[in-house]
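What follows is one structure encoded as structure tokens, with my remarks underneath.
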Amino acid sequence: SIESSMGKCSTTGRTRPKRGGRETVKERRARQKAAAARETVEEVRVVKKRGPAKERVTAGVPAKRDPADSKLRSLAKLLAQIKALKARVKAGERLDAQQRRKVERHDEVLLSIDELSREQAHEAPSSSKRRIA
């Protein structure tokens, strides 16, 4: 049978003792894990200190938004991308097929933005106008 000679002295065949005062890999990993846990605890404490329980928001969880508002925001982002692509075309750059299809949707995106903003204007409550009796 073949015996492992890893960590053994070549002349005596004995294992060498560890140097004193040195951190082993196992100890280092445990120390790093504990440090990461402490950092996480500190981050959680900061989140909890922000306000009363009703206003508290967990980190990374977005607040719920109106679907029409998020659609309008995504269309505005798409319009900005289309404008950037048109500027690249003017500069003489060639676009691939997907980019050309996006540029072709320019009018459609403008119409969609216009429709959504009209809908939001009609749905907005007129609470700012008071009736005088």
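Please read all numbers here as calculations on a predicted model, not as lab measurements. Because only heavy atoms are used, hydrogens play no part in the values below, and waters and symmetry mates are left out as well, while side chains stay in. Along the sequence shown, residues are numbered consecutively beginning with 1.
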How far does CZ of Arg105 sit from CG of Leu111, to the nearest 0.5 angstrom?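 Reported to 0.5 Å precision, the distance equals 12.0 Å.
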About how many Å separate NZ of Lys77 and OG of Ser70, when rounded to the nearest 0.5 Å?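 Going from OG on Ser70 over to NZ on Lys77, the span is 12.0 Å.
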Who passes salt bridge (charged side-chain N to carboxylate O under 4.0 Å, His left out) against Arg118, sequence neighbours left out?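 For Arg118, the residues satisfying salt bridge (charged side-chain N to carboxylate O under 4.0 Å, His left out) (neighbours in sequence not counted) are Asp114.
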Sequence-distant partners of [X], side chain to side chain donor-acceptor pair (under 3.5 Å), two or more places apart:
{"X": "Glu27", "answer": "Thr24"}
{"X": "Arg29", "answer": "none"}
{"X": "Glu93", "answer": "Arg88"}

Under the side-chain contact (heavy atoms from CB on, under 4.5 Å) criterion, do Val89 and Val103 qualify, and how do the steps go? CA-CA 10 Å; Val89 168; Val103 170; 5.5 Å; no
Apart from Leu75 itself, residues in the same hydrophobic cluster as defined by side-chain heavy atoms under 4.5 Å: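 Same cluster as Leu75: Leu72, Leu78, Leu79, Ile82, Val109, Leu110, Ile113, Leu116.
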Could you tell me whether Arg31 atom CZ has more than 12 heavy atoms of other residues or ligands within 6.0 Å of it?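 Above 12, so yes.
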Got a sec, which pairs hit side-chain hydrogen bond (donor to acceptor under 3.5 Å, both in side chains) with one end in residues 94-104, sequence neighbours left out?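 Matches after skipping sequence neighbours: Gln81-Lys102.
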